[in-house]
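Each remark here refers to the structure printed beneath this line.
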Amino acid sequence: MNALLALTAPLLLALGLVLALRRDVDGYRALTEGARKGLRVMLDIFPALLVLFPALALLRASPLLSLFERWLSPLLQRLGIPPETGLLLLLRPFSGSAALAAAAELIARCGPDSLTGRTAAVMLGSSETTFYVAAVYLSAAGVKDSRWAIPAALCADLACFLSAAWVCRLLWG
């Protein structure tokens, strides 16, 4: 199995070159042009990532997240969302790794078969890192004014969180 995995990249490259020959395309030129376009995209999204990652590190280092979690707890209880998932709800739109760490901590503390653990897992799997994805895709597409894209994506995240809590309560609550 490891040998097959090691051969994946060379086989894909060979397949691309064979297809280029069949279609009478200069395979080397097509590869270098693709690499050039990839580098342009990387240069376009780099400033957004350069701002996003340090901002996230500062947010995680500050006590602001735990303060927000305490403030949100009564609202989350009224909505039927386990209040322990508050930190996950706050982190998920910003960072997949931070949200994964928060979910892993929740699952370790509450148990994987608990309503909170299951809800955290479903929330993590059904939502997206909104600001990261927006930074990458909007920068790559050259969009200067995102207008309603971010609010719409955050509404979709909220719908994911509410749906995850509802489905988990329905199945296991």
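Sequential numbering from 1 along the given sequence is applied to the chain's residues.
Hydrophobic cluster membership differs between L21 and V18, with clusters built from Ile, Leu, Val, Met, Phe, Trp and Tyr side chains linked at under 4.5 angstrom. The hydrophobic clustering, which links ILVMFWY residues whose side-chain heavy atoms are closer than 4.5 Å, places L162 and L72 together. Y137 and Y132 fall within the same hydrophobic cluster, where Ile, Leu, Val, Met, Phe, Trp and Tyr residues are linked whenever their side-chain heavy atoms come under 4.5 Å apart, directly or through other members. A single hydrophobic cluster is not seen to contain both V41 and L43; linkage of ILVMFWY side chains at heavy-atom distances under 4.5 Å, directly or through other members, places them apart. No continuous path of ILVMFWY side-chain contacts below 4.5 Å connects L158 to W166, so the two sit in separate hydrophobic clusters.
A pairwise comparison of heavy atoms in A165 and T119 identifies CA-CG2, 3.9 Å as the closest pair. Annotation for A103 and A120: closest pair CB-CB, 4.4 Å, computed over non-hydrogen atoms. Nearest heavy atoms, A134 versus I150: CB-CD1, 3.3 Å. Smallest separation of non-hydrogen atoms from T129 and G96: CG2-N, 3.0 Å. Listed here is the closest heavy atom pair of P93 and L154: CB-CD2, 4.1 Å. Closest approach of C168 and V122 over heavy atoms only: SG-CG2, 3.6 Å.
Residue R36 holds its CZ atom at 12.0 Å from CG of L31, rounded to the nearest 0.5 Å. Considering CZ of F161 and CG of L124, their distance stands at 9.0 Å, rounded to 0.5 Å. In this structure, CG on L91 lies 9.0 Å from OG on S97, to the nearest 0.5 angstrom. In this structure, CG on L7 lies 10.5 Å from CG on L12, to the nearest 0.5 angstrom. Taken to the nearest 0.5 Å, the CG atom of L67 stands 10.5 Å off from the CD atom of E69. A distance of 8.5 Å separates CG of L11 from CG of L15, quoted to the nearest 0.5 Å.
Annotation: F131, atom CZ; neighbour count of heavy atoms from other residues, nucleotides and ligands within 6.0 Å is above 12.
Here L39 sits in one hydrophobic cluster together with M42; the rule is ILVMFWY side chains under 4.5 Å apart, joined directly or through other members.
In terms of modelled atom types and a separation under 3.5 Å, the side chain of R92 and the main chain of M123 share no donor-acceptor contact. Between the side chain of T8 and the main chain of L5, a donor-acceptor pair closer than 3.5 Å is present.
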*Determine, step by step, whether R29 and E33 satisfy the salt bridge (Lys or Arg N to Asp or Glu O under 4.0 Å) criterion, reporting the C-alpha distance in whole Å, the side-chain angles of both residues, the deciding distance to 0.1 Å, and the verdict.*
CA-CA 6 Å; R29 186 164 183 227; E33 185 61 31; over 6 Å; no
In a table with atom names and distances, give each donor-acceptor pair under 3.5 Å that connects a side chain of residues 73-89 to protein atoms at least two apart or in another chain.
| unit_1 | atom_1 | unit_2 | atom_2 | d |
| --- | --- | --- | --- | --- |
| E84 | OE1 | T116 | OG1 | 3.4 |
| T85 | OG1 | P82 | O | 2.6 |

